Amino acid sequence: QDEFASVLRACGDSRDIVEGKNIHSQIRRSEHRENIFLANLLLQMYGKCGSLADVRNVFDGIQHPNKFSWSMLIAAYVGNGDVQEARNTFNRMPARSVVAWNTFLVAYARHGFLEEANEMFKLMPQRDAVSWNIMIQFYSQTGHLEAAKKMPILNMVSSNTMITAYAQHGLLQEAKLIFDSMPERNVVSWSAMVQAYAENGQFQWAMSMFIKMPYQNIISWTVMLQACAQNGYQEAAVMMFDQMPCRNIITWIVLVSGTEAAALAFQKMPAHNVVSCTIMIQKLTSKGCVDEVELVFDQMLERS
RNA sequence: GCCCGACAUCCAAAUCCUA
């Protein structure tokens, strides 16, 4: 049922495990209780919500897991940092799809296991564009830019990854060269360039990219907001924030961490999490506001 | 028998951690 499917997706995206479990029991009571498509989406939802016990439970209830079930199980373990279980699953699955290989490759890549990732990549029976892109990202983030450069650019994601890789190594011209040579660009390409300039002190270029991009989303707005704050444009940052068509908790956090009026912004935030409280505590600590630190800290404990 | 067929893996935004 498409109805169940889209609600499950939404629960996964918003990490709403309560609603997710609610849907789960509705499915169990419905004619779809054996539906593997919905079972797979349940796996994904529980994985995103970080409930590995439920993931296992659902998986064990599937009579004949298909390739989607298996790779979602691996993805759930990888996403929650359980490399051991991801490996066990990978080893005991009957037929390993490219996606399963890729998903598991990500586990090694995220943990910076260079030899293991290289070995794995070499052993793969097939490699697709995603496999190569995982390696580009992996080499870049472990500081092996030369190795990353040797990889083929297969699609837009490869290019976007290389833009970020060059920018993180301070190589703006190279990043721009990739950007200019792309046959087509998406919002990620543009945002990556905005950030590339911003992080390398080229505020004007960042701004001009931001204005030129075909459309902005919440991430590009947030990147630009941070660009203002980072480069010392306090008023611009506040103006930016006020003009934004949409905001989420991360936007608010960037405002709190990047501007002078942190305490005020912190109070006005519609919601808080561990990160927002941590940043506020850091700010208050550096100013020696002992009482306020305790207040925020207690708030944070209450919440979790 | 063959082809096709919903759902999985990679890229851009926040603090620290991830042995």
Side-chain angles (χ1 to χ4, degrees), chain A residues 1-2 4-6 8-9 12 35-45 47 65-76 78-83 86 96-107 109-112 127-138 140-141 151 153-165 167-168 178 185-196 198-199 209 213 216-227 229-230 247-258 273-283 300:
Chain A
Q1 180 89 41
D2 296 342
F4 282 136
S6 69
L8 283 176
R9 268 187 254 270
N35 185 328
I36 191 163
F37 168 59
L38 290 178
N40 290 343
L41 286 173
L42 280 167
L43 284 179
Q44 180 168 249
M45 184 274 295
N66 61 17
K67 60 181 174 180
F68 296 101
S69 324
W70 283 103
S71 44
M72 285 194 195
L73 181 61
I74 297 179
V78 172
N80 290 283
D82 195 339
V83 182
R96 295 173 192 117
S97 62
V98 192
V99 173
W101 280 89
N102 288 341
T103 309
F104 190 55
L105 184 60
V106 169
R110 286 214 187 125
H111 289 78
R127 298 164 198 88
D128 63 7
V130 173
S131 325
W132 289 95
N133 290 341
I134 292 168
M135 294 306 285
I136 298 181
Q137 165 74 1
F138 171 58
S140 160
Q141 89 193 6
M151 308 300 269
I153 300 277
L154 298 173
N155 59 23
M156 209 187 300
V157 174
S158 324
S159 302
N160 293 343
T161 307
M162 280 311 297
I163 289 174
T164 305
Q168 282 169 347
I178 299 275
R185 309 170 183 93
N186 64 9
V187 66
V188 176
S189 325
W190 285 92
S191 304
M193 276 314 296
V194 171
Q195 195 181 22
E199 304 247 286
M209 279 308 237
M213 59 191 293
Q216 292 100 358
N217 66 8
I218 189 159
I219 296 188
S220 48
W221 275 96
T222 308
V223 168
M224 199 58 228
L225 171 65
Q226 190 168 35
Q230 262 171 1
R247 307 177 183 100
N248 63 14
I249 191 157
I250 297 186
T251 321
W252 278 96
I253 289 173
V254 170
L255 182 73
V256 168
S257 72
N273 63 14
V274 185
V275 177
S276 68
C277 292
T278 306
I279 291 175
M280 199 60 231
I281 289 171
Q282 281 169 354
K283 290 216 146 204
M300 184 169 75

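No experiment lies behind these values; they were computed from the predicted model shown.
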Holding to side chain to side chain contact (heavy atoms under 4.5 Å, CB included), I want the full list of residues that pass it with [X], two or more places apart in sequence or in another chain.
X: I250(A); answer: T222(A), N248(A), V254(A)
X: D128(A); answer: V98(A), N102(A), V130(A), S131(A)
X: Q216(A); answer: F210(A), M213(A), S220(A), W221(A)
X: R110(A); answer: V78(A), V106(A)

Is F37(A) stacked on the base of A6(B), meaning ring centres closer than 5.5 Å and planes within 30 degrees of each other? yes
Sequence neighbours left out, what passes side-chain hydrogen bond (donor to acceptor under 3.5 Å, both in side chains) with [X]? Give chain and number order.
X: S189(A); value: N160(A), N186(A)
X: Q230(A); value: E199(A)
X: N66(A); value: N40(A), S69(A)
X: Q44(A); value: none

Whole Å only: how far is the [atom1] atom of [X] from the [atom2] atom of [N]?
X: W190(A); N: C11(B); atom1: CH2; atom2: C1'; answer: 17 Å
X: I178(A); N: C11(B); atom1: CD1; atom2: C1'; answer: 13 Å
X: L154(A); N: U9(B); atom1: CG; atom2: C1'; answer: 15 Å
X: N155(A); N: C11(B); atom1: CG; atom2: P; answer: 12 Å
X: L8(A); N: A6(B); atom1: CG; atom2: C1'; answer: 14 Å
X: M280(A); N: C16(B); atom1: CE; atom2: P; answer: 16 Å

Determine whether I281(A) and M300(A) make a side-chain contact, defined as any pair of heavy atoms from C-beta on separated by less than 4.5 Å. yes
Partners passing ring pair (Phe, Tyr, Trp, His ring centres under 6.0 Å) against F138(A) (at least two apart in sequence or in another chain):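 F138(A): no ring pair (Phe, Tyr, Trp, His ring centres under 6.0 Å) contacts found.
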Output one line per pair: protein atom, nucleotide atom from nucleotides 12-15 of chain B, and distance, for all N/O pairs under 3.5 Å.
unit_1	atom_1	unit_2	atom_2	d
A12(B)	O3'	Q195(A)	OE1	3.3
A12(B)	O2'	Q195(A)	OE1	3.2
A12(B)	N1	N217(A)	ND2	3.2
A12(B)	N3	S191(A)	OG	3.3
A13(B)	O2'	Q226(A)	OE1	3.4
A13(B)	N1	N248(A)	ND2	3.2
U15(B)	O2'	Q282(A)	NE2	2.9

Tabulate atom names and distances for all N/O pairs under 3.5 angstrom spanning the protein and nucleotides 17-19 of chain B.
none

Please write out the pairs of protein N or O atoms and N or O atoms of nucleotides 1-4 of chain B separated by less than 3.5 Å, giving the distance to one decimal.
none

